[in-house]
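Heads up: numbering here begins at 1 and tracks the sequence.
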Amino acid sequence: MNASVYLCGFMGCGKSHIGRLVAAELGREFLDMDRYIVEHEKMSIPQIFEKFGEPHFRQLEAKYIRQLSGGYIVATGGGALINEHTAQFARESGLSVYINTSFENCYERIKNDSNRPLVVNNTPEQLRQIYDARAEIYRRNSMAMVNGNAKDTVICGEIVKLVQAFEKNGRL
């Protein structure tokens with residue numbers, strides 16, 4: 001059986017876009033964890049944040065990631081793998097890869113996205129602080145890291161090679 005691949009990184013780093021490319025290259029199913037949560041909870045992410053708060057949303061990520069093992073290419077939410085238990089599950093059930101994209105590139109992609117509560121409720125400076133704090137956690141909680149500032153085809157190729165090595169050897 002194929003290992004699931006959990007792509008992590010800050011909002012706007014390219015998890016969903018790159019995840020779709022990797023899934024197509026490997027002939028696997030792609031799942032966006034945020035969309036998966038929205039579908040199952042029948043609420044938007046801003047609604048979940050507003051009604052229940054961010055800690056509840058992080059609990060939902062921890063709950064639903066367990067349903068996404070079994071060979072999927074998963075774009076986790078920007079905060080999913082900052083939870084130690086969620087990160088541990090990802091490491092134990094597959095391959096977790098950090099897409100390390102500069103804050104400037106991420107911010108350009110997310111700055112006008114009203115569906116991201118952290119973007120709406122924080123200044124660019126505050127987002128930079130969140131980015132900086134999470135970067136170290138992503139490094140610690142993932143099994144591999146790729147340069148998210150490279151061309152899409154390069155990023156995809158690197159991840160495909162990581163997946164193939166991981167599945168061949170059972171480790172990196």
Side-chain angles (χ1 to χ4, degrees), residues 1-24 26 28-101 103 105-107 109-122 126-127 129-131 133-135 137-146 148 155-156 159 163:
M1 184 159 138
N2 295 325
S4 280
V5 179
Y6 303 96
L7 303 176
C8 74
F10 197 68
M11 299 172 284
C13 75
K15 297 179 295 285
S16 295
H17 176 67
I18 297 299
R20 284 184 193 90
L21 297 176
V22 171
L26 294 173
R28 306 259 186 99
E29 187 175 350
F30 169 77
L31 288 170
D32 181 292
M33 198 158 137
D34 286 346
R35 285 198 177 137
Y36 190 84
I37 291 170
V38 167
E39 287 172 14
H40 285 79
E41 294 299 310
K42 309 216 181 322
M43 298 174 82
S44 70
I45 293 171
Q47 289 171 326
I48 295 168
F49 265 67
E50 184 179 323
K51 188 169 183 178
F52 301 108
E54 185 178 356
H56 177 76
F57 181 76
R58 300 299 170 213
Q59 289 173 343
L60 291 174
E61 287 177 321
K63 169 186 169 183
Y64 286 119
I65 198 169
R66 284 162 172 70
Q67 296 176 15
L68 303 180
S69 62
Y72 298 110
I73 307 300
V74 180
T76 66
L81 293 192
I82 61 172
N83 176 310
E84 288 292 330
H85 299 293
T86 307
Q88 181 179 349
F89 176 82
R91 284 191 304 270
E92 291 172 354
S93 65
L95 173 64
S96 52
V97 179
Y98 170 30
I99 301 176
N100 185 9
T101 305
F103 175 77
N105 285 346
C106 291
Y107 186 71
R109 296 172 185 164
I110 66 173
K111 66 183 178 184
N112 298 316
D113 190 342
S114 62
N115 199 41
R116 296 179 189 269
L118 290 179
V119 174
V120 173
N121 297 321
N122 288 283
Q126 290 169 316
L127 286 171
Q129 290 176 344
I130 294 168
Y131 172 93
R134 287 184 177 183
I137 298 169
Y138 294 140
R139 281 186 192 92
R140 184 176 66 240
N141 285 346
S142 52
M143 300 161 74
M145 181 172 65
V146 296
I155 300 167
C156 176
I159 294 172
V163 172

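In this structure, K63 has no salt bridge (Lys or Arg N to Asp or Glu O under 4.0 Å) partners at least two apart in sequence or on a different chain. Looking at residues two or more places apart in sequence or on another chain, you find a side-chain contact (heavy atoms from CB on, under 4.5 Å) between Q47 and M43, S44. E41 meets the side-chain hydrogen bond (donor to acceptor under 3.5 Å, both in side chains) test with Y64; sequence neighbours excluded. Residues that satisfy the side-chain contact (heavy atoms from CB on, under 4.5 Å) test with E29, not counting sequence neighbours, are L31, Y72. F10 meets the ring pair (Phe, Tyr, Trp, His ring centres under 6.0 Å) test with Y131; sequence neighbours excluded. Looking at residues two or more places apart in sequence or on another chain, you find a side-chain hydrogen bond (donor to acceptor under 3.5 Å, both in side chains) between S16 and D32. The ring pair (Phe, Tyr, Trp, His ring centres under 6.0 Å) search around Y107 returns F103, not counting sequence neighbours. For R139, the side-chain contact (heavy atoms from CB on, under 4.5 Å) partners are Y98, N100, A135, E136, M145, not counting sequence neighbours. Applying the side-chain hydrogen bond (donor to acceptor under 3.5 Å, both in side chains) test to D113 and every residue at least two apart in sequence or in another chain returns R116. The side-chain contact (heavy atoms from CB on, under 4.5 Å) search around I137 returns I82, R140, N141, not counting sequence neighbours.
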Please walk me through it: do V5 and V22 pass side-chain contact (heavy atoms from CB on, under 4.5 Å)? CA-CA 10 Å; V5 179; V22 171; 5.6 Å; no

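The backbone N or O of G70 sits less than 3.5 Å from a side-chain atom of S4, completing a donor-acceptor pair. Judged purely by atom type and a 3.5 angstrom limit, T86 has no side-chain atom pairing as donor or acceptor with the backbone of L81. Between the side chain of R109 and the backbone N or O of C13, at least one donor-acceptor pair lies under 3.5 Å.
The minimum heavy-atom distance between P46 and N115, with the atom names listed, is CD-OD1, 3.1 Å.
Under the side chain to side chain donor-acceptor pair (under 3.5 Å) criterion, the residue pairs touching residues 48-57 are E54-R58, with sequence neighbours excluded.
Annotation: side chain of I45 is not in contact with side chain of I37 (no heavy-atom distance under 4.5 Å).
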